[in-house]
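Have a look at the structure below, then the notes.
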Amino acid sequence: MSECWAKSHTPCGLGASREHYISAGLFDQPTIFVQGFDWCPEEKEIGIGALTSKILCRKHNSILSGADMGGIRAVQAIDLTTDPAGDTLDELNGLSLERWLLKTAINVTFRGKQKLGIGMRGAEIGYPAPYLLEAVFGGRVLEYKMGVYVLFPKGQYLFRKGEIVVVPIHKEGEIGGLYFNLRGVHFFLSLFPGHAPPSLRELGMASLPDHVLDAVPVYRPQSVVIPKPSGATSTITLAWSQ
């Protein structure tokens with residue numbers, strides 16, 4: 001069986017599974033555009049089924065299905081608000097979204113060349129630290145100002161239908177966080193304990209548009225206001241309690 005990234009958390013079982021790096025339930029089209037992996041430094045179009053790898057056993061993959069739903073529900077909520085007929089939504093569980101972002105972060109960095117997180121006890125290059133494993137399986141909530149930040153750029157900007165972007169930010173062999181663009185809403189998952197992150201530009205990023213690079217990250221906001229194509233807005237309310 002190929003290696004499971006959760007093997008140090010609890011014993012593996014039921015054989016290997018083909019895990020999607022980014023949950024397949026987020027997409028309603030058969031193909032997607034990807035970029036940034038070792039095998040596709042330039043953007044290319046692939047089938048959804050090709051964006052998989054044997055990085056989890058079936059037992060752990062099944063346990064983590066709840067984390068997948070956190071991302072799927074968030075994207076569904078964003079899609080609804082950007083629809084011309086959409087309206088203000090009921091509460092969305094922010095901590096469930098946070099778990100999905102962390103799971104995706106582990107998926108895309110597993111067996112890579114950096115440590116995930118800054119100064120975490122037990123961290124190894126390419127493998128999640130025990131603290132992150134406990135958080136992704138729901139045993140604890142990320143603390144010390146780590147977790148989800150939302151960027152609120154000024155103005156309205158176009159994004160491609162179905163677009164999802166994931167960009168790790170690393171320095172000196174450690175990944176301090178990951179930028180996520182989910183359907184035009186900008187999130188930053190901070191894995192740097194102790195303080196809030198500065199703007200993405202100050203973190204050394206240069207590949208994103210200026211309005212994203214200069215936006216101030218807001219920690220676990222109570223709501224996100226999303227503009228519609230008509231010029232009106234809708235609101236997603238976020239809950240941060242277990």
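Given the structure is predicted, the values throughout are model-derived calculations rather than measurements.
- With Ser65 contributing its side chain and Ser62 its backbone, the two residues share a donor-acceptor pair below 3.5 Å.
- The closest side-chain heavy-atom distance from Leu101 to Val148 is below 4.5 Å.
- A heavy-atom distance below 4.5 Å is found between the side chains of Lys103 and Leu64.
- More than 12 non-hydrogen atoms from other residues, nucleotides or ligands lie less than 6.0 angstrom from CZ of Arg220.
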Criterion side chain to side chain contact (heavy atoms under 4.5 Å, CB included) on Leu178 and Thr104, from CA distance to verdict: CA-CA 10 Å; Leu178 294 92; Thr104 304; over 6 Å; no
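- Summarising the geometry of Ala129 relative to Met120, their closest heavy-atom pair is CB-CB, 3.9 Å, with the distance given to 0.1 Å.
- Counting heavy atoms from C-beta on, the side chains of Pro221 and Phe152 come closer than 4.5 Å.
- Residue Lys145 holds its NZ atom at 10.5 Å from OG of Ser190, rounded to the nearest 0.5 Å.
- Leu189 is not listed as a side-chain neighbour of Tyr149, based on a closest heavy-atom distance of 4.5 Å or more.
- Counting only N and O atoms by type, the side chains of Asn93 and Trp240 include no donor and acceptor under 3.5 Å apart.
- You'll find the side chain of Thr237 stays beyond 4.5 Å of the side chain of Leu92, heavy atoms only.
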Steps toward side chain to side chain contact (heavy atoms under 4.5 Å, CB included) verdict (Ile175, Ile169): CA-CA 6 Å; Ile175 297 171; Ile169 300 175; 5.8 Å; no
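- Under the 4.5 Å side-chain heavy-atom criterion for Ile, Leu, Val, Met, Phe, Trp and Tyr, Met205 and Phe188 are members of the same hydrophobic cluster.
- Note on Phe192: it does not cluster hydrophobically with Val218, by side-chain heavy-atom contacts below 4.5 Å among ILVMFWY residues.
- For Pro198 against Pro217, the heavy-atom pair with the smallest separation is O-CG, 3.4 Å.
- A side-chain donor-acceptor contact under 3.5 Å links Arg58 to the backbone of Ala16.
- The shortest distance between side-chain heavy atoms of Asn181 and Phe187 does not fall below 4.5 Å.
- Residues Glu143 and Tyr131 form a side-chain contact, since some pair of their non-hydrogen atoms from C-beta on lies under 4.5 Å apart.
- Here the shortest heavy-atom pairing between Ser241 and Leu95 reads C-CD1, 3.8 Å.
- A donor-acceptor pair under 3.5 Å links the side-chain atoms of Glu174 to the main chain of Gly119, judged by distance alone.
- Between the side chain of Ser17 and the backbone N or O of Leu56 there is at least one donor-acceptor pair closer than 3.5 Å.
- Under a 3.5 Å cut-off, the side chain of Lys59 and the backbone N or O of Pro11 do form a donor-acceptor pair.
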Test side chain to side chain contact (heavy atoms under 4.5 Å, CB included) applied to Val185 and Val224, step by step: CA-CA 9 Å; Val185 182; Val224 178; 4.2 Å; yes
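- Once rounded to the nearest 0.5 Å, the distance linking NE2 of His9 with SG of Cys4 reads 10.5 Å.
- Between Leu132 and Leu142, the closest side-chain pair of non-hydrogen atoms falls below 4.5 Å.
- Taken together through direct or relayed side-chain contacts under 4.5 Å among Ile, Leu, Val, Met, Phe, Trp and Tyr, Leu203 and Ile118 form parts of separate hydrophobic clusters.
- The NE2 atom of His170 sits 15.0 Å away from atom NZ of Lys115, with the distance rounded to the nearest 0.5 Å.
- A donor-acceptor pair under 3.5 Å is formed between the side chain of Tyr219 and the backbone N or O of Met146.
- Between the CD atom in Glu3 and the OG atom in Ser53 there is a gap of 11.0 Å [rounded to 0.5 Å].
- Between Tyr127 and Phe110, the distance separating the two ring centers is shorter than 6.0 angstrom.
- Annotation: Phe180 is not in aromatic contact with His186 [ring centroid separation under 6.0 Å not met].
- A donor atom on one side chain and an acceptor atom on the other are not found under 3.5 Å apart for Ser199 and Asp214.
- Among Val136, Leu133, Thr109, the one residue that satisfies the side-chain contact (heavy atoms from CB on, under 4.5 Å) test with Pro128 is Leu133.
- Residue Trp5 holds its CH2 atom at 7.5 Å from CD1 of Ile55, rounded to the nearest 0.5 Å.
- In summary, the aromatic rings of Phe137 and His60 are positioned with their centroids under 6.0 Å apart.
- In this structure, SG on Cys12 lies 11.0 Å from CG on Asn61, to the nearest 0.5 angstrom.
- The nearest pair of heavy atoms linking Ala74 to Leu97 is CB-CD1, 3.7 Å.
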